[in-house]
Amino acid sequence: MNRRAAPEYLVSLDVGTSKVAALIGEVVPGGQVRVIGLGSAPSRGLKKGVVVNIEATVDSIRRAVEAAELMANCRVRAAHVSITGTHIKSLNSVGVVPIKSREISTRDVEAVIEAASALAIPADEQTLHVVPQEFVVDGQEGIHDPVGMNAVRLEAKVHVVLGKLSAAQNLYKCVERCGLTVEKLVLQHLASSDAVLSPDERELGVAVVDIGGGTSDIAVYKGGSIRHTAVVPIAGDLVTSDVAVGFRTPGQYAERIKLEYGCALPEMVQNDPGIEVPGIGETPPRKLSRHMLAEVMRPRYEELFRYVRKELHRADVYDLIAGGVVLTGGVAQTPGILELAEEVLEVGVRLGLPHQVEGLEEVTRSPAYAAGVGLLLFARQQRPSAGGSRGAAAGLRHWMGRMQSWWKGHF
Ligand SMILES: Nc1ncnc2c1ncn2[C@@H]1O[C@H](COP(=O)(O)OP(=O)(O)OP(=O)(O)O)[C@@H](O)[C@H]1O
Ligand SMILES: [Mg+2]
């Protein structure tokens with residue numbers, strides 16, 4: 001087949017613990033992103049969000065990209081790629097510069113962000129993101145675009161995300177072995193948040209929890225800016241292991257049973273005709289109930305939400321999330337999970353589906369593709385010609401893009 005080679009396409013590669021998802025999108029008149037290609041391959045080379053087997057990861061990426069290319073009938077050369085893992089750390093930092101010429105210039109903004117990101121970082125870690133939260137101009141807080149303002153002092157508040165250098169380098173290596181260039185590495189939860197949040201929620205205060213196979217990733221917003229990010233090592237794979245142990249069945253059956261009959265709240269199970277559970281080795285299959293399955297699953301999800309709640313309190317952001325919690329990622333599809341999350345977190349909880357995109361329903365209706373869609377939105381934002389949104393958020397994103405380019409140059 002004669003495929004189009006089209007540099008104008010947006011390409012995302014969400015390299016997760018359960019699946020590698022490649023998405024190809026295009027920008028339609030009006031600035032919307034339309035998803036035109038999807039390739040998803042089981043992920044075999046990652047543990048808790050981090051590459052542990054190069055060959056297996058390369059194979060999964062290759063298969064996902066080929067399937068997406070086939071669907072979109074094009075060839076891709078570069079992609080925005082997600083990164084997560086418990087090696088990720090985040091903190092808020094502040095920088096200050098004097099304004100000599102009395103009017104704030106682009107260079108002053110660059111200088112103040114650089115000052116805010118000047119941290120003593122261990123040799124094996126690297127800055128992944130420096131996300132400006134807000135600027136303070138002569139004591140006036142809450143300014144998103146200070147260029148052109150008169151002032152004598154400019155302060156920047158930024159959110160800094162750090163990650164292990166080796167984890168990022170291994171991801172680069174895997175993608176490049178597939179003949180693709182990494183346009184940018186983007187923190188998975190920043191990407192998911194872009195896909196599922198509304199500007200109102202970001203303003204009011206909200207926490208996104210992307211629950212995948214290996215990790216659950218938290219991002220907290222308030223006043224339109226990111227305030228906190230964290231990675232929790234409890235997610236869907238642990239629930240599958242609990243089902244395997246609790247029902248004494250091999251892992252692949254446990255996963256299938258969990259997907260088909262699973263529920264996070266035993267009291268929500270109504271229709272319970274029983275599940276035939278294959279045994280281990282020579283053990284004959286047994287008939288167990290959906291209620292029992294939910295009782296095996298609930299404690300792990302409860303543990304996860306208690307952990308999330310503790311983390312929100314530890315980071316002193318629990319009181320910021322008046323807009324509640326948005327659950328996304330594959331696990332967010334589990335029946336009863338929203339209700340359980342509400343019970344434990346004691347805030348309103350909703351399901352986060354990727355919005356702001358059109359095209360393949362398989363993508364737009366599944367929380368498992370939130371990160372992939374967010375990466376596409378990220379890619380669009382960094383192409384001014386593609387009609388990205390304007391205003392404060394776009395301004396901040398612009399700086400973020402600049403800082404990421406700076407980081408990329410350090411490889
Ligand atoms: N329909 C569903 N109902 C319940 N759970 C589901 C469903 N679909 C997928 N899952 C679970 O979601 C998890 C995978 O989610 P997702 O695809 O978001 O993970 P990932 O992005 O590959 O992993 P990670 O983000 O942790 O690196 C698995 O544990 C899987 O069992
Ligand atoms: Mg994920």
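All ligand and atom numbering here is 1-based and tracks the order in the structure.
Note: no N/O pair closer than 3.5 Å links Asp210 and ligand 1 by distance alone. Inclusion of Thr84 in the set of residues having an N or O under 3.5 Å from an N or O of ligand 1 is not warranted. Of the polar atoms of Leu259, none of the N or O atoms is found under 3.5 Å from an N or O of ligand 1, judged by distance alone. In terms of N/O distances under 3.5 Å, ligand 1 is not approached by Gly16. For ligand 1, one of its N or O atoms has an N or O atom of Gly330 under 3.5 Å away.
Lys19 places a side-chain N or O within donor-acceptor distance of the main-chain N or O of Ala368, the cut-off being under 3.5 Å. Of the possible polar contacts, one joining the His87 side chain to the Thr84 backbone as a donor-acceptor pair under 3.5 Å is found.
Less than 4.0 angstrom separates some heavy atom of Lys258 from each of these atoms of ligand 1: 29 (O), 30 (C), 31 (O). Close contacts of ligand 1 with Glu255, meaning ligand atoms under 4.0 Å from a residue heavy atom, involve 30 (C), 31 (O). Heavy-atom proximity to Gly236, at under 4.0 Å, picks out these atoms of ligand 1: 29 (O). Every atom of ligand 1 is numbered from 1 in the order shown, and the set under 4.0 Å from a heavy atom of Gly329 is 18 (O).
Protein heavy atom closest to atom 8 (N) of ligand 1, with residue, atom name and distance, is Gln333 NE2, 3.3 Å. Scanning all protein heavy atoms for the shortest distance to atom 19 (O) of ligand 1 gives Gly213 N, 3.2 Å.
Remark: Cys178 engages Val58, Ile61, Arg62 in a side chain to side chain contact (heavy atoms under 4.5 Å, CB included) (not counting sequence neighbours). Ala191 meets the side chain to side chain contact (heavy atoms under 4.5 Å, CB included) test with Val186, Leu375; sequence neighbours excluded.
Just one of Leu353, Val357, Leu38 meets the side-chain contact (heavy atoms from CB on, under 4.5 Å) condition when paired with Val363; it is Leu38.
Interatomic distance, Ile211 CD1 to Leu304 CG, rounded to the nearest 0.5 Å: 5.0 Å.
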Q | side chain to side chain contact (heavy atoms under 4.5 Å, CB included) between Lys173 and Ile54, worked out | A | CA-CA 8 Å; Lys173 190 182 272 182; Ile54 298 274; 4.0 Å; yes
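Considering Leu238, Ile83, Leu46, Thr334 only, the shortest heavy-atom separation from atom 4 (C) of ligand 1 involves Thr334.
Residue contacts with ligand 1 for Gln188 involve side-chain atoms from C-beta outward but no N, CA, C or O (heavy atoms, distance under 4.0 Å). Contacts of Thr240 with ligand 1, taken as heavy-atom pairs under 4.0 Å, are absent altogether.
Ring geometry for His80 against Phe378 counts as tilted: the plane angle lies between 30° and 60°, on a 0 to 90° scale.
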